[in-house]
Amino acid sequence: MSFLEAVLWPALGQFPVLAAWFTGAVLAALHVRERPALRWAIAAFVILGVTRVVGSGLTVWLPGYMAEQDLTSGMALRMQGLVGVYVTGLETVGWGCLLACMFSRPAGPLPSGPSPRAGR
């Protein structure tokens with residue numbers, strides 16, 4: 001199985017979440033002029049989408065590749081563990097970007113007037 005096939009077949013199973021992230025990236029791109037913090041959301045959706053496609057592709061392709069190379073089981077486990085560490089690291093960066101977008105302050109001056117909590 002070629003690497004491209006190994007990436008495309010798992011991506012089909014990931015289509016719903018990839019479609020949601022693609023839609024989120026497009027919507028964020030359409031409104032980035034009003035809210036510059038949406039750049040974080042665009043980065044998050046791109047990182048998460050690419051990580052999901054490549055990570056699932058590697059999960060399918062890597063065992064076949066390791067069998068072709070006659071790797072020992074210990075080496076194969078180390079390689080799969082390393083892929084897992086990189087995927088988790090990239091997903092963490094993606095979620096961090098999304099959190100940065102959600103909790104960043106709006107650009108420009110803060111609105112004046114009474115605080116919504118002033119009546120409490």
Side-chain angles (χ1 to χ4, degrees):
M1 176 183 296
S2 72
F3 181 74
L4 187 59
E5 286 177 317
V7 169
L8 290 179
W9 283 113
L12 288 176
Q14 305 294 326
F15 183 75
V17 74
L18 292 173
W21 287 340
F22 178 76
T23 303
V26 169
L27 290 174
L30 291 175
H31 296 283
V32 76
R33 288 185 187 217
E34 296 110 39
R35 290 198 53 216
L38 287 174
R39 290 182 183 135
W40 289 108
I42 296 167
F45 291 132
V46 169
I47 290 169
L48 290 169
V50 169
T51 302
R52 177 68 60 112
V53 170
V54 174
S56 60
L58 281 173
T59 301
V60 171
W61 174 76
L62 198 57
Y65 172 77
M66 290 184 293
E68 288 174 1
Q69 300 300 316
D70 290 328
L71 295 177
T72 65
S73 59
M75 185 61 154
L77 286 174
R78 281 189 213 99
M79 287 179 71
Q80 287 178 326
L82 193 59
V83 167
V85 167
Y86 281 120
V87 166
T88 301
L90 287 173
E91 285 179 347
T92 302
V93 169
W95 282 105
C97 289
L98 197 55
L99 289 171
C101 171
M102 290 173 58
F103 296 107
S104 64
R105 291 186 174 264
L110 293 174
S112 61
S115 169
R117 297 182 187 210
R120 291 185 185 176

Cluster check [X], [Y]: I/L/V/M/F/W/Y, side chain < 4.5 angstrom:
X     : Y     : answer
Phe45 : Val53 : yes
Leu77 : Leu71 : no
Tyr86 : Met79 : no

Closest non-hydrogen atom pair, [X] against [Y]:
X     : Y      : value
Ile47 : Cys97  : CD1-SG, 4.3 Å
Trp40 : Cys101 : CB-CB, 3.5 Å
Thr51 : Val87  : CG2-O, 3.7 Å
Ile42 : Ala28  : CG1-CB, 3.6 Å

So, the side chain of Thr88 versus the backbone of Val85: is there a donor-acceptor pair under 3.5 Å, distance only?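 No: the side chain of Thr88 does not pair with the backbone of Val85.
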
Which pairs with one or both residues in residues 21-32 pass side-chain hydrogen bond (donor to acceptor under 3.5 Å, both in side chains), sequence neighbours excluded?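 Of all non-adjacent pairs touching residues 21-32, those that pass side-chain hydrogen bond (donor to acceptor under 3.5 Å, both in side chains) are His31-Glu34.
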
State the [atom1]-[atom2] distance between [X] and [Y], to the nearest 0.5 angstrom.
X     : Y      : atom1 : atom2 : value
Leu99 : Ser104 : CG    : OG    : 11.0 Å
Leu98 : Phe103 : CG    : CZ    : 9.5 Å
Tyr65 : Leu58  : OH    : CG    : 11.5 Å
Leu62 : Gln69  : CG    : CD    : 10.5 Å

Check: Gln80 and Met66 side chains under 4.5 Å, non-hydrogen atoms: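 Yes, close enough: below the 4.5 Å cut-off.
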
Between Trp95 and Leu48, is there a side-chain heavy-atom distance shorter than 4.5 Å?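 Leu48 vs Trp95: side chains touch.
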
Set of ring-ring contact (aromatic ring centres under 6.0 Å, His included) partners for Phe22, sequence neighbours left out: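 Not a single residue meets the ring-ring contact (aromatic ring centres under 6.0 Å, His included) criterion with Phe22.
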
